[in-house]
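Remarks on the structure that follows.
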Amino acid sequence: GVSGGVDSMALLDMLVKKAYNVIVVHYNYHFREDSDLDENLVRSYCQNHHLPFYVRQGDKKEYQKGNFEMLAREKRYAFYKEIGDLNGIDTIILGHHLNDHLETIVMQLQRYNTKGYLGIKEQSYVKNMHVVRPLLKLKKQQLIDYCTKNHLEYHEDYTNYDTRYTRNHVRHIDLKKYNEQELLEKASKHNQQYKKQQAKLQHRGITGQGREKLQLQNRQAAEGDTAR
C-alpha cells in the first residue's frame, strides 16, 4: 500500500532497490482537494520503474458520517485483499514507522486500552493477509533524510497537522509530554507479558467469544490508526 507520503515512498524505493517483486496499490479517498497529487506521484514512480499499479477511486460522500480513519482503513484493506487475491499474493508491506508506534502507544494509554498489544506490531494478519511493517524501528525524520538523499519525491498530507483528529493531537501535542524511551520500555515490558498470556491461552485452547475479543483487540492494536 503506497499513499505517496514520505514513509510509503521511502519504503517503496527501498524495496525496488533491493529488487523485490512488488505490486503497488493506492487508494484515492478524494477526502482532500489535492488527493490527486498523491495518486499522480505514485503513478509516476511506478511508470518510471515499470511497476504494476492499481488505484481505487473513493467518494468523499462516503466519509460524511462516522470516523474517517476507521472507514478509510476498512476500504483500504478490502482493496488490498481484492488485489492480493487477483494476483495470488497474501503479503502486504506497509510503511508505519517508529513515530506511528509511539503515537499508538500514547493513544492506547489515554484510552486505558492496555489489555492487548501496546503499539503497532511488526507483523500481523488482517483479512487473512500477512501484514509486514519493516520500518517500525526508524523515525520519520530518518525517512525524510532518505528521500532527500535519494532525490525521492513525496507528498505531505496537510490534514496531518489538523489537531481536531485524535492521532494528530497526540502527534503534535500529547506525545511531547512523554519520554519516548520510557514509552518504548513500558510497551516492550507489557508486550512480553502479553505474548506469554497469549501463549498460555492458546495452550489452554480458549475458544468462542473470549478468543474473538482478544483477536479484535489484537487487530486494532496491530493496525494502528493511520492511513497508509
Side-chain angles (χ1 to χ4, degrees), residues 1 7-8 11 14-15 18 20 22 25 67 69-70 72-85 88-140 142-143 166-167 170-171 174-175 177-228:
D7 39 18
S8 63
L11 174 59
M14 291 175 189
L15 295 174
K18 292 180 180 179
Y20 275 76
V22 297
V25 179
N67 183 305
E69 292 290 349
M70 291 181 62
R73 183 166 62 248
E74 177 60 31
K75 291 181 178 297
R76 184 169 66 253
Y77 276 101
F79 187 41
Y80 293 163
K81 175 66 173 172
E82 176 186 335
I83 300 305
D85 289 346
I89 296 173
D90 62 0
T91 300
I92 307 169
I93 306 178
L94 300 179
H96 293 99
H97 47 71
L98 182 56
N99 298 68
D100 296 321
H101 180 54
L102 288 165
E103 292 159 13
T104 301
I105 294 171
V106 171
M107 290 170 66
Q108 289 174 287
L109 293 175
Q110 290 179 341
R111 296 168 179 171
Y112 300 101
N113 178 22
T114 57
K115 291 183 179 180
Y117 190 92
L118 273 183
I120 304 176
K121 283 189 171 184
E122 291 187 7
Q123 298 188 53
S124 63
Y125 286 87
V126 181
K127 296 184 181 295
N128 294 319
M129 295 179 294
H130 183 204
V131 183
V132 182
R133 304 174 178 89
L135 302 183
L136 281 181
K137 289 183 172 60
L138 297 179
K139 300 276 309 254
K140 182 177 181 179
Q142 291 175 276
L143 301 177
T166 301
R167 178 170 289 274
V170 169
R171 176 181 300 142
D174 297 342
L175 186 57
K177 303 174 185 177
Y178 292 83
N179 181 294
E180 292 185 0
Q181 188 57 40
E182 290 180 359
L183 278 177
L184 292 174
E185 291 174 358
K186 180 182 181 70
S188 178
K189 183 177 180 180
H190 171 89
N191 291 336
Q192 288 177 12
Q193 293 299 318
Y194 172 75
K195 291 177 182 178
K196 290 180 181 179
Q197 179 191 37
Q198 291 294 294
K200 289 181 180 179
L201 292 174
Q202 290 178 0
H203 180 71
R204 293 173 185 172
I206 184 171
T207 58
Q209 293 182 349
R211 171 171 285 182
E212 291 174 3
K213 184 177 181 180
L214 287 170
Q215 289 175 337
L216 176 61
Q217 291 174 344
N218 196 19
R219 286 199 302 270
Q220 290 173 336
E223 292 177 29
D225 212 15
T226 56
R228 286 286 179 273

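Side-chain atoms are counted along with the backbone in the values below, which use heavy atoms only and exclude waters and symmetry mates.
Within the 3.5 Å criterion, the main-chain N or O of His130 finds no donor-acceptor partner in the side chain of Gln123. The backbone N or O of Ser188 lies less than 3.5 Å from no partner atom in the side chain of Asn191, so there is not a single donor-acceptor pair.
Using a 4.5 Å heavy-atom threshold, the side chains of Tyr77 and Val131 count as touching. You'll find the side chain of His96 stays beyond 4.5 Å of the side chain of His101, heavy atoms only. At least one side-chain heavy atom of Thr104 sits under 4.5 Å from a side-chain heavy atom of Arg167. Residues Leu184 and Leu98 have side chains in contact (heavy-atom distance under 4.5 Å, counting atoms from C-beta outward).
Once rounded to the nearest 0.5 Å, the distance linking OG1 of Thr166 with CD of Gln110 reads 8.5 Å. Atom CD in Gln142 sits 10.0 Å away from atom CG in Leu135 (nearest 0.5 Å). Here the straight-line distance linking atom CD1 of Ile93 with atom CE of Met14 works out to 12.0 Å at 0.5 Å rounding. Between the CD1 atom in Ile105 and the CG atom in Leu175 there is a gap of 9.5 Å [rounded to 0.5 Å]. With rounding to the nearest 0.5 Å, the separation of NE2 in His97 from NZ in Lys140 is 5.5 Å. In this structure, Leu109 CG and Leu118 CG are separated by 6.0 Å, a value rounded to the nearest 0.5 Å.
Salt bridge status for Glu74 with Lys127: present, with a side-chain N to carboxylate O gap under 4.0 Å. Using a cut-off of 4.0 Å between Lys/Arg side-chain N and Asp/Glu carboxylate O, Glu180 and Lys139 are scored as salt-bridged.
Under a cut-off of 6.0 angstrom, the local environment of CG in Asn179 is crowded, with over 12 non-hydrogen atoms contributed by other residues, nucleotides or ligands. More than 12 heavy atoms of other residues, nucleotides or ligands lie within 6.0 Å of NZ in Lys81, so this atom counts as buried by the packing criterion.
Ring pair His190/Tyr194 is parallel by interplanar angle, where below 30° counts as parallel and above 60° as perpendicular.
Closest heavy-atom contact between Gly1 and Ser8: O-CB, 4.1 Å. Nearest heavy-atom pair, Leu11 versus Pro134, reported as atom, atom and distance to 0.1 Å: CD1-CG, 3.7 Å. Nearest heavy-atom pair across Gln108 and Gly119 is OE1-N, 2.6 Å.
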